[in-house]
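One structure is given below, encoded as C-alpha cells.
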Amino acid sequence: MKEKKAFKMPHLLWIMFGIILLSCLATYLIPAGQFMTNAAGEIVGTDFEYLGHQTPVSPWDALMLMKTGLNGAATIMFVVMVSGATINVVLETGAMDDLMNWAVYKLKDKGSSLLIALMMILMAYLGGFGGTDALIAVVPIGILFSKKLKLDPIVALGVTTFAALVGFGTGPAQQATTQMLMGVTPYSAFFTRLVIMNFFLAVAIFMVLAYVKKIRKNPEASLMYSEGWRPDAVLEDADESSVLKKVEMSWRKFAVIIIFLLQYLIIALYSLLGGSETFDFMIAVMIVTMILVGIVGGMSADELGQSFARGLASMAFVAFVIGMAKVISLVLGNGNVIHTIVYVLTLPLLALPKSVSSIGLTIIVSIINPLIPSATSKAAILVPIMKPVAEALGLQPNLAVVAYQMGDSFTNLLSPLLGWMVGSCAMANVPFAKWYKWVFPKVLTFIFLACVIVLLLTVTGWSGVI
C-alpha cells in the first residue's frame, strides 16, 4: 500500500503570491468605495461613498506593482538588511554565543525560566520604546538562545518577535502620532500605558513559559515536532553552536555586548526626543556599531567586511518578503476596497452605548489591523473616523487613543501582510500556519484582556491625565 504523504506547507514565496492573488480577487468582489477628503487632503471619516463601479486589480497589474511595492518598502528593507548584517558581525565575534553559554551555565541551577523572562523583558522594552521592523534582525539571537536551552524555534520567536510586538503594540511611546491627530498632548497618559504594557508583558511571559513547560514534559507536544524538531538533535549540530560550555567572559566580549545593546538605547532616545529622521539615524548608528564591534571583537578589516556581507546576503529574501507585503497593501488600496472594509466595520460603532463603545472600537480596530499593517496609513484612515465618534459618544480623547492602541496591537501577530511577522517566521524556519496555530489563542486572550482594561477605564471615568 502506497504511503500517504503528509501535508507540507508551501514555501513562503508561494504563500505570499497566493495572498496577492486573493487580494486581487477581493478587488473584483468587494464594492469599491472611498472616504471623502477636505481641502487640506485629510480624510473625512463620516463622509463615505461607493464609487458605483469596480476598480479591479488583475494579477498582471499586481505583478506590475512589484517594483512600486519594493520601492515603497525599500527603507524598511534596507534597515532590516543592515541590521541583520550588524547582528551577524556581533554573532561572528562569538561574544553573544559565549554570553549565552556563560549566562545559562551560571543560572543552570535556577532553570531556564529566569533567562526566558529576562530575554522577553529586554525585547518588549526595545519594542515598546524603539520598536521598528528592524528588530526582526534579533531573531537569530532568539534561535541561538532556544538552541542553547534545547527548545523549539517557536520559543525563539516567543522570546524575540512575540515579546517585541507585545511591547511595540502596548508601549507608551508608540501612539504619539495618534494622540496628535486626536488633538491630545503627545506622550500624555504615559504612566497608565506603561502599566498596561507591563501587564501584557507579564501575561506574554507566562504564555511562553507555559509552552516551554509543556514541550519539556513532552517534546511531541511541540508544534514543530512534525517539522523534524527534536530537543536532543540540537546537540548534534556540526558546528556545536548549541552545546552548553563553561566559558569566561573577557572585557572584549562584554564590550561587544554593551556596544550592541547601546545602539538600541541610542535609537530609542533619538525617537523619544523627537528625531525626525529615524531610519537614516538607525542605519548610521548600526554601521558605526558594526565597525566598533568588529574592532573591539578583534576582527581584521577583511574579516569584518566578509562578515557584514554574509549577514547582508542572509537577509535578502526576508527583505523581499517585506516588499511583497507592501504589494498586497497596494493592490487593496488601488482596488479601492480598503476604505470600504473600514467603513463597513466601523459603522456599527455609532449605534453602541457609551459604556461599550470603547470596547467596540478596540474590536473593530483589531479586525482592521491585519489588513493595514502600516501604522501611519491606519491612523490616517481611522483617526478621522474615531475622533468624531469619540466626541459624539462623550469619550475622553485619551480613552479613545487607548482603545485604538489596544486594537492596533495584538493582531499584528497574525498579519500575513506585516513584513516583520512574516519575515521573522521565515528566519526561524517556522511555517506561518504553525505560528498561527500557536499564537491565535494567545491573541484572543490578549484582546479579551484589552477589552476588560478599556471597559474599566471607561466606567471609572479615567481622565487620561496620568
Side-chain angles (χ1 to χ4, degrees), residues 116-135 138 142 157-180 182 184-209 261 264-265 267-273 358-359 361-362 365-366 369 375 378-379 396-415 418 420-421 439 442-458 460 462-466:
I116 291 171
L118 290 174
M119 180 77 170
M120 291 185 68
I121 290 169
L122 172 63
M123 290 304 304
Y125 270 79
L126 287 174
F129 289 93
T132 70
D133 299 59
L135 284 177
V138 185
L157 292 178
V159 299
T160 53
T161 302
F162 179 67
L165 279 173
V166 168
F168 178 76
T170 60
Q174 297 297 340
Q175 293 295 326
T177 301
T178 306
Q179 288 179 310
M180 287 187 285
M182 283 290 294
V184 176
T185 304
Y187 303 112
S188 56
F190 187 93
F191 176 76
T192 299
R193 292 199 314 226
L194 181 62
V195 171
I196 291 172
M197 184 188 93
N198 282 287
F199 169 74
F200 282 108
L201 171 57
V203 174
I205 291 172
F206 173 80
M207 289 172 169
V208 173
L209 290 178
L261 295 177
Y264 293 109
L265 177 61
I267 291 168
L269 288 175
Y270 177 84
S271 300
L272 286 174
L273 293 175
S358 51
I359 294 177
L361 179 60
T362 295
V365 177
S366 294
N369 186 41
K378 193 158 46 249
Q396 289 285 348
N398 247 329
L399 176 59
V401 171
V402 171
Y404 173 87
Q405 182 177 16
M406 293 295 95
D408 187 34
S409 303
F410 308 113
T411 46
N412 284 325
L413 292 160
L414 300 171
S415 177
L418 183 64
W420 186 354
M421 188 67 258
V439 84
K442 295 164 180 62
V443 169
L444 291 182
T445 301
F446 281 140
I447 293 174
F448 172 76
L449 293 173
C451 289
V452 172
I453 289 172
V454 170
L455 179 61
L456 287 174
L457 292 176
T458 304
T460 57
W462 177 69
S463 64
V465 176
I466 59 172

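Numbers for residues simply follow the sequence, beginning at 1. It should be emphasised that the depicted structure is a prediction, and the values quoted were computed from it without experimental measurement.
For the pair Val402/Trp462, a side-chain contact is recorded, criterion being any heavy-atom separation below 4.5 Å from C-beta on. Using a 4.5 Å heavy-atom threshold, the side chains of Thr161 and Met421 count as touching. Contact annotation: the side chain of Met119 approaches that of Thr160 to within less than 4.5 Å [non-hydrogen atoms, C-beta and beyond]. Under the 4.5 Å side-chain criterion, counting only non-hydrogen atoms from C-beta, Met406 is in contact with Ile196. A heavy-atom distance below 4.5 Å is found between the side chains of Phe199 and Leu449. Residues Phe168 and Met123 are not in side-chain contact: their nearest non-hydrogen atoms beyond the backbone lie 4.5 Å or more apart.
In plain terms, the two heavy atoms of Leu194 and Asn198 that are nearest each other are O-ND2, 2.8 Å. Closest approach of Leu361 and Ala400 over heavy atoms only: CD2-O, 3.7 Å. Scanning both residues, Met197 and Pro172, for their nearest heavy atoms gives SD-CD, 3.9 Å. In terms of heavy-atom proximity, Ala403 sits nearest to Ser358 at CB-O, 3.5 Å.
Looking at residues two or more places apart in sequence or on another chain, you find a side chain to side chain contact (heavy atoms under 4.5 Å, CB included) between Val195 and Phe191. Residues meeting the side chain to side chain contact (heavy atoms under 4.5 Å, CB included) test with Ile121, sequence neighbours left out: Tyr125, Leu201, Ile205. Residues satisfying the side chain to side chain contact (heavy atoms under 4.5 Å, CB included) criterion with Thr411, sequence neighbours excluded, are Ser366, Asn369, Pro370, Leu414, Val443, Ile447. The side chain to side chain contact (heavy atoms under 4.5 Å, CB included) search around Phe206 returns none, not counting sequence neighbours.
Between Phe446 and Phe200, the ring-plane angle classifies as perpendicular under the 30° and 60° cut-offs.
Rounding to the nearest 0.5 Å places OG1 of Thr362 at 10.0 Å from CG of Leu455. With rounding to the nearest 0.5 Å, the separation of OG in Ser415 from CZ in Phe410 is 15.5 Å. Interatomic distance, CG of Leu457 versus CD of Gln396, reported as 11.0 Å (0.5 Å rounding). With values rounded to the nearest 0.5 angstrom, Thr192 atom OG1 is found 11.0 Å from Leu399 atom CG.
Checking side-chain atoms of Gln405 against main-chain N and O of Arg193 turns up no donor-acceptor pair under 3.5 Å.
Residue pairs meeting the side chain to side chain donor-acceptor pair (under 3.5 Å) criterion with at least one member in residues 443-454: none, sequence neighbours excluded.
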